[in-house]
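Reviewing the structure listed below.
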Number of protein chains: 2
Amino acid sequence: MDGARRTTARFFSQPVAFRASADDASCVKYTYEFPRPALTVDAVVFTLRANDLAVLLIRRKKAPHKGKFALPGGFVDANESLANAALRELAEETGVTDVTLEQLGAYGDPGRDPRGHTVSVAFFSFIVAEAHEVTAGDDASSAAWVSWAEIESGPAALAFDHAQLVQDARVRLQQRLDDPCGHVGLELVPARFTLSELQGVYEAVFGRAFDKRNFRSRLLAQDLVEAVDAAQRTGRHRPAQLYRWKNVKTQ
Amino acid sequence: MDGARRTTARFFSQPVAFRASADDASCVKYTYEFPRPALTVDAVVFTLRANDLAVLLIRRKKAPHKGKFALPGGFVDANESLANAALRELAEETGVTDVTLEQLGAYGDPGRDPRGHTVSVAFFSFIVAEAHEVTAGDDASSAAWVSWAEIESGPAALAFDHAQLVQDARVRLQQRLDDPCGHVGLELVPARFTLSELQGVYEAVFGRAFDKRNFRSRLLAQDLVEAVDAAQRTGRHRPAQLYRWKNVKTQ
DNA sequence: ACAAAAGTGTTGAGAGTACACCCATGC
DNA sequence: GCATGGGTGTACTCTCAACACTTTTGT
């Protein structure tokens, strides 16, 4: 504990802004009575890519963990909500917007960032990769989808405790899909989709095969999807019936 | 966003310690290149009290929200883990120790604390009230169990967004108990307990009655509990068989 | 004796799982 | 015509929910 007794009034004293030196006009400092951990947000964005689960990562071009993959994320701005901070950082670093993020939890082990005590609030999501363009945000990093196989079995080493975050996020995603209404808030498939596409998403997330008949009958029995009449997706083989989520605006 | 481009190196510059004035030796200040939200932890500790769910709260004796009830909690110290901070604050403010806390999530709405941007990481737990002594921590607050009825229907107004926290915590607690192994990490009952006592906990958490036969047979079918031979609790009526959790050390 | 809590089985409905074959299309 | 993915039904098992009466003790 601190030697000095911490009082609320003193802890909450307003930050003092001043210039550190005459020749650095941009260097305003923020001062508090007690130390504050840095607060960051990270986003674990999943997608289905080539029949495999993939995560949107950036490659760090700066120390620490230079050259390693990391989750898009960054510092929470003054008077910014956590979710907005995560959306902003995701957009800045990967170009991905229009995402619904769900909170995963806070990660605050004092040693998780070698630069100092940093607490990160993690979010997760699932999106259709084809519906979002990925662009590297700045020269400090480059963004790309990285398949789960590369993440899990070594080739793509993750910075900080981000390997833990993506593991936890996948478990939470599985719990979401176990729920009959688990698709709400997650962009698992395009607005119109075939049941095989949806099944592919489930199989990638859970890492195992599902029985086609059981999968389809459960969806229909739970009244989650409805066929879109006179719309069939053409392809190399027999065209598949298109569906949409039921009780959701048509989009 | 900030006008200045935020770089990692500058954000992580070490805090500068100095004395604000010559006659206040204890007033060391901490300075950062960018504003940092205050980081706090809060603990939602449930118990069963008089057949009703209750939450361990403190009554605030200071502004803001003077006189209102609030969750025990406080600021995270330098290089302190989130869970340890919550345990420390819980012990300081209520005297309750030896608790297993589980993380609920982070609450970071910029307006949630009128004193300024404050992010709180919430934890929850369930304990046997009789096994823990509650003592007010200091003159800034007094600690007490407050029944759910008082919390929900008005008499006990909660400070900040703590009404939301306890609601969310109860939902998470219900999800935990739905899990066949939901009791792990939660101190629902004493080491030796009757099935009626355990059922009472479930009924308080879910707010509805369970069928006695179904409740008992499910527990036994799932191999969760085992009878403790030659041990029966005496009372006003027919003595009840005592049980203990299976596959858990005897305690 | 009676009040109060302890204890005990069966039945029906629904969900989940396992399983195999024909269909429509592109090449 | 053949390769490829699309599409369909049944039987079994297991879990969950509903349901009432007897037993044991203290007073």
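In the text below, chain A, chain B and the rest are named by the order of the sequence lines, each starting its count at 1.
- Nearest-nucleotide assignment on DNA chain C puts the 5′-proximal partner with B:T194, out of B:T194 and B:S217.
- Relative to the ring axis of A:F210, A:R208 places its NZ or CZ within 45° and under 6.0 Å from the centre.
- Distance A:F193 CZ to D:dG5 C1': 18 Å, rounded to the nearest Å.
- Scanning atom types as modelled, one donor and one acceptor separated by under 3.5 angstrom connect the side chain of A:R213 and the base of C:dA20.
- For the pair B:F215 CZ and D:dC19 P, the interatomic distance rounds to 20 Å; values are reported in whole Å.
- With no hydrogens or angles considered, a side-chain donor-acceptor pair links A:D42 and A:S120 at under 3.5 Å.
- The distance between atom CG of B:L242 and atom P of C:dA5, rounded to the nearest whole Å, is 17 Å.
- Of the residues near DNA chain D, A:P239 and A:N214, the one whose nearest nucleotide (by heavy atom distance) lies more toward the 5' end is A:P239.
- Summarising the geometry, atom CG belonging to A:L39 is positioned 6.0 Å from atom CG belonging to A:L82; distances are rounded to the nearest 0.5 Å.
- Comparing B:R218 and B:D211 by the nucleotide of DNA chain D that holds the closest heavy atom to each, the one mapping nearer the 5' end is B:R218.
- Atom P of nucleotide C:dG16 and atom NZ of A:K212 are separated by 20 Å, given to the nearest angstrom.
- No hydrogens or angles considered: nothing links the side chains of A:S196 and A:Q199 as a donor-acceptor pair under 3.5 Å.
- Rounding to whole angstrom units, CG of residue B:L195 and C1' of C:dA5 are separated by 13 Å.
- Rounded to whole angstrom, the span from the CG atom of A:L220 across to the P atom of C:dG14 amounts to 18 Å.
- OP1 or OP2 of D:dG5 has not a single side-chain nitrogen or oxygen of A:S196 nearer than 4.0 Å.
- Contact annotation: side chain of B:R238 to base of D:dT23, donor-acceptor pair present below 3.5 Å.
- Nearest-nucleotide assignment on DNA chain C puts the 5′-proximal partner with B:H237, out of B:H237 and B:Q241.
- Not a single donor-acceptor pair under 3.5 Å links the side chain of B:H132 to the backbone N or O of B:V96.
- The distance from atom CD of B:Q199 to atom P of D:dA17 is 13 Å, rounded to the nearest whole Å.
- Per the geometry, CZ belonging to B:F210 stands 11 Å off P belonging to D:dA18, to the nearest Å.
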